[in-house]
Amino acid sequence: MPICWSAHSGRWRAVLAEAKDFPHLVQALDQVVRKLGGTARRWRFDRMATVCHPPTGRVLPAFAAVAKYYGVGVDICPARRGNRKGVVEKANHSAAQRWWRTVPDGLSVEQAQSGVDKLAVRMDERRRRADGLVTTVAELAASEALLELPTRPFPAELEAERTVSPQGLVSFEGNLYSVPPGLPGAQVKVLHRLGEDYLHIVTAGRAVVAQHHRAPRGAGQTVRDAGHVITMERAVLASFSDRAPCKTKVRRPLSEAALAEAERLRGTGSSSASAERVVIDLSTYAAVADRLRTAPAPKEEFGE
């Protein structure tokens, strides 16, 4: 969960990310700075492997392109400098203690994101003292001079693996997208370049099976392609048959012969004769057991 925090006002915003790879980090950072209404001139990061080389702290070329796109500089926290990271860790502690520990089970990502957004807005009411005057975090944040953001996010390509539902739908960012029939249970990938209005659904072999207009995140929409709907209807109609329906099962009472046979098996019927009963004689078994109860004497060996 990337958290952006303002060192001047103490205002912070957070976004839940599905993964920790480079495209998801870029997407989360873009969403966070847009929630803040702009970006600062410098970004400070811990030694994340998606941002820098952890042993040296050197910024990776891929993330340097991101920083250049947003017009900011990147500062990596020095190793073993806890005081430099104290305020950031405190913001993370607030989000973890006041929100993460209280999240109930069975909550969707969109519902959880709404909860952390409400907490961040409520935290803006914290009081601060500046130049001898009592103010709030929200008022300090409103006076900050933030840089304007680009119209579109950095064009990183997002990739998410999904399983096709029995209804031929794929879930992505709180919405459902259709695929051609015949793929229930198949593993597919959703490809989306940040800033574009379309997304692609591909198979494991990178074959494109669907292209959809991307719905707003968390909108709960079901986006279906007209061709997929027609193909699905034809497949369903083709499975219909004009044969007569199966006859319903008729529950009939037990016959007299069945009742008599049940009584005979239970051994309670009056018609059961003694000759029909099976008698097991155990005398042969007892005789064999008596013979085997005593071990035979060992044979004597005679020397020359």
Side-chain angles (χ1 to χ4, degrees), residues 1-18 20 24-48 50-52 59 63 66-78 81-103 107 109-154 156 173-174 194-195 216-218:
M1 182 175 67
I3 298 178
C4 282
W5 179 83
S6 171
H8 171 69
S9 62
R11 186 182 186 184
W12 62 269
R13 293 294 184 267
V15 170
L16 296 174
E18 182 178 345
K20 297 181 180 180
H24 284 91
L25 175 63
V26 174
Q27 182 190 38
L29 286 175
D30 183 84
Q31 293 177 358
V32 166
V33 294
R34 294 187 189 279
K35 289 177 181 292
L36 290 172
T39 178
R41 299 182 181 274
R42 311 284 307 177
W43 287 355
R44 179 174 295 277
F45 289 93
D46 201 352
R47 294 181 175 243
M48 303 172 56
T50 49
V51 176
C52 68
V59 180
F63 198 82
V66 176
K68 183 178 180 180
Y69 182 82
Y70 288 94
V72 300
V74 178
D75 296 330
I76 304 299
C77 292
R81 296 293 189 276
N83 294 334
R84 297 285 297 274
K85 297 168 53 180
V87 288
V88 179
E89 295 297 336
K90 186 59 180 178
N92 295 338
H93 179 268
S94 299
Q97 298 297 325
R98 300 196 179 196
W99 176 76
W100 183 255
R101 294 179 60 184
T102 62
V103 175
L107 212 62
V109 178
E110 290 72 26
Q111 293 172 335
Q113 182 63 55
S114 176
V116 73
D117 289 341
K118 293 178 181 178
L119 172 64
V121 173
R122 191 165 64 250
M123 296 289 286
D124 290 348
E125 301 176 358
R126 291 172 295 168
R127 293 188 176 185
R128 291 290 185 268
R129 182 176 294 275
D131 299 332
L133 300 177
V134 178
T135 181
T136 61
V137 170
E139 293 175 353
L140 286 176
S143 62
E144 288 182 315
L146 300 178
L147 300 179
E148 295 184 1
L149 299 173
T151 306
R152 291 178 176 269
F154 180 81
E173 293 186 347
L194 300 181
R217 182 174 184 176

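Listed by chain and number, the residues in a salt bridge (charged side-chain N to carboxylate O under 4.0 Å, His left out) with R42 are D75 (sequence neighbours excluded). Residues meeting the salt bridge (charged side-chain N to carboxylate O under 4.0 Å, His left out) test with R34, sequence neighbours left out: D30. The side-chain contact (heavy atoms from CB on, under 4.5 Å) check on K35 picks up R13, V15, Q113, D117, with sequence neighbours excluded. Every residue two or more places apart in sequence or in another chain that forms a salt bridge (charged side-chain N to carboxylate O under 4.0 Å, His left out) with E18 is listed here: R162. Remark: S114 engages K118 in a side-chain contact (heavy atoms from CB on, under 4.5 Å) (not counting sequence neighbours).
Contacts classified as ring pair (Phe, Tyr, Trp, His ring centres under 6.0 Å) and involving residues 115-148 (residues at least two apart or in different chains) are not found.
To the nearest 0.5 Å, atoms CG (L29) and CZ (F45) are separated by 5.0 Å. Between the CD atom of Q111 and the CG atom of L16 there is a distance of 12.0 Å, given to the nearest 0.5 Å. Going from atom CE of M48 over to atom NZ of K20 covers 8.5 Å, rounded to the nearest 0.5 Å. Interatomic distance, CZ of R127 versus CD of E139, reported as 10.5 Å (0.5 Å rounding).
Taking the six-membered ring where the residue is Trp, Y70 and W43 present tilted rings, their angle falling between 30° and 60°.
Of all the heavy atoms in A40 and V72, the pair that sits closest is O-CG1, 3.2 Å. Residues D124 and T136 come closest through the heavy atom pair O-CB, 3.9 Å. Of all heavy-atom pairs between V59 and V74, the closest is CG2-CG1, 3.9 Å.
Looking at heavy atoms from C-beta onward, Q27 lies out of side-chain contact with P153 at the 4.5 angstrom threshold.
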Stepwise side chain to side chain contact (heavy atoms under 4.5 Å, CB included) check, R11 with L140: CA-CA 9 Å; R11 186 182 186 184; L140 286 176; over 6 Å; no
Check the pair V51 / L25 against side chain to side chain contact (heavy atoms under 4.5 Å, CB included), numbers first and verdict last. CA-CA 9 Å; V51 176; L25 175 63; 3.8 Å; yes
